[in-house]
Amino acid sequence: MVSLTADMSPLHPDRNLALELVRATEAAAIRSVPFIGRGAKELADGAAVDAMRAFLTTVNFDGVIVIGEGEKDNAPMLYNGEHVGTGRGPQCDIAVDPIDGTTLTAEGRNNALSVLAVADRGAMLDASSVFYMDKIVTGPAGVGVVDIRLPVGENIRRLAKALDKPIDELVVSVLNRPRHAQLIDDIRAAGAGTRLMSDGDVAGGINAARYNARTDMCIGIGGSPEGVATTCAIKALGGHIQGRLWARDDEEKQKGIDAGLRLDDYVYEADELVKGTNTIFVATGVTNGELVSGVRRSGPDYIITESVVLRGASGTLRRITSEHLASKWL
């Protein structure tokens, strides 16, 4: 298996691969800006997809999209199974989300991101046949402490003890959906506070796992592709993540079974979602958020972007602020 750890061999990408990937998320974020707050999420997503793919074709790697925009018939670009890159260099699995939070972008709200995650070939779970996943994410304090099979109140009490923090100071992020009404009630009944997210559970998961974040746990049913991409980031943060696939109906459940996925409350641990620690996760802010700032203009001549790069092999989170000549993007 080709490794994503630093190596002088041309078959092994070094840390510069992360910088190449940032160019793709920056491009997707910048191209989506004209659609922020315009109520047209399909146009925003289309512009981001075009830009991300254009930059990925220039990267020296042989990437296969495991988690993309959908099946080829419905997604002409960045579809599941598509090869991207120059074909030279390491063989990698890729998860792409040109805009995580298309509704956030269309409505001009916070926490929209452009996201890319990379791991060794064959490392990522292909959960594309089952759209939703029940997830729990915490920082390092939750490792060996919380478990998705436990009631949320018990997990809150365990995490509070591990953090040496009063329960009433714990904050749990949850997508604000009707399906989570009981979960939200249970969190509050346990004495913790909630941060309700309208969309964008990738940022929610990372914010719950990173050092000195304002939230302590992210829990609930969100996208299974987002769960796999988030795992690549959690590997770098030393945090805890588990997931259970959540089929919407019997037909989707059968599709998952036919694809070799495990359902019926089977718990996927982090190393089953993404094998190993040779992961790279990059995200650029589209709109402002707790994780990164959104794209902004600085006078007539410059566009400013902020990105994060997380590497599982080194356990690092780096922030990259870039100044782009606006004339190059007109």
Side-chain angles (χ1 to χ4, degrees), residues 111 113 115 117 119 125 133-175 180 183-197 200-222 226-244 265 267-281 283 289-292 308-319:
N111 292 314
L113 301 171
V115 170
L125 177 71
M133 180 185 289
D134 188 14
K135 292 163 277 192
I136 185 170
V137 185
T138 73
V143 176
V145 172
V146 302
D147 192 299
I148 197 170
R149 287 164 283 224
L150 296 172
V152 66
E154 177 64 19
N155 278 324
I156 287 170
R157 288 186 286 274
R158 289 183 175 208
L159 185 60
K161 183 177 180 181
L163 291 169
D164 193 21
K165 190 173 185 177
I167 288 177
D168 62 7
E169 292 184 11
L170 251 66
V171 179
V172 181
S173 293
V174 186
L175 281 170
H180 290 149
L183 176 61
I184 292 166
D185 287 346
D186 291 344
I187 293 167
R188 292 170 177 170
T194 55
R195 176 165 294 179
L196 302 183
M197 305 178 293
D201 62 336
V202 172
I206 296 172
N207 283 330
R210 67 190 180 92
Y211 174 71
N212 254 354
R214 297 177 185 176
T215 55
D216 304 285
M217 181 188 297
C218 184
I219 193 167
I221 298 166
E226 287 82 355
V228 175
T230 301
T231 301
C232 290
I234 301 306
K235 297 270 183 171
L237 297 170
H240 172 82
I241 185 168
Q242 292 171 304
R244 291 184 293 204
D265 291 329
V267 175
Y268 282 92
E269 303 291 342
D271 278 337
E272 295 174 285
L273 295 170
V274 180
K275 298 173 187 174
T277 59
N278 296 328
T279 61
I280 296 172
F281 176 95
E290 185 180 339
L291 183 62
V292 283
V308 288
V309 177
L310 295 97
R311 294 185 65 238
S314 58
T316 53
L317 183 156
R318 292 182 171 87
R319 295 188 176 276

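With a 4.5 Å cut-off on side-chain heavy atoms, L150 and R158 count as touching. Counting heavy atoms from C-beta outward, E169 and L163 have side chains that stay 4.5 Å or more apart. In this structure, F281 and V274 have side chains that are not in contact, with every pair of non-hydrogen atoms separated by 4.5 Å or more.
In terms of heavy-atom proximity, L175 sits nearest to G200 at CD2-N, 4.4 Å. Between S314 and T316, the shortest heavy-atom distance links the atoms OG-OG1, 2.8 Å. Minimum heavy-atom separation, Q242 to V146: OE1-O, 4.1 Å. Closest heavy-atom contact between L317 and V308: CD2-CG1, 4.1 Å. Here the closest non-hydrogen pair linking G193 and I187 is O-CG2, 3.9 Å.
Within the structure, every pair that satisfies the salt bridge (charged side-chain N to carboxylate O under 4.0 Å, His left out) test and touches residues 228-238, not counting sequence neighbours, is listed here: K235-D271. Listed by first then second residue, pairs satisfying salt bridge (charged side-chain N to carboxylate O under 4.0 Å, His left out) with a partner in residues 204-214 read R210-E290, not counting sequence neighbours.
Without hydrogens or angle criteria, D168 side chain to G191 main chain gives no donor-acceptor distance under 3.5 Å.
Between K161 and E154 there is no salt bridge, since no side-chain N of the basic residue sits under 4.0 Å from a carboxylate O of the acidic one.
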Throw together a table of side-chain donor-acceptor distances under 3.5 angstrom for residues 133-144, partners on residues two or more places apart or in other chains.
{"unit_1": "D134", "atom_1": "OD2", "unit_2": "R244", "atom_2": "NH2", "d": "3.2"}
{"unit_1": "K135", "atom_1": "NZ", "unit_2": "D201", "atom_2": "OD2", "d": "2.6"}
{"unit_1": "K135", "atom_1": "NZ", "unit_2": "G223", "atom_2": "O", "d": "2.8"}

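Within 6.0 Å of atom CG in D164, 12 or fewer heavy atoms from other residues, nucleotides or ligands are found, so the atom counts as exposed in its surroundings.
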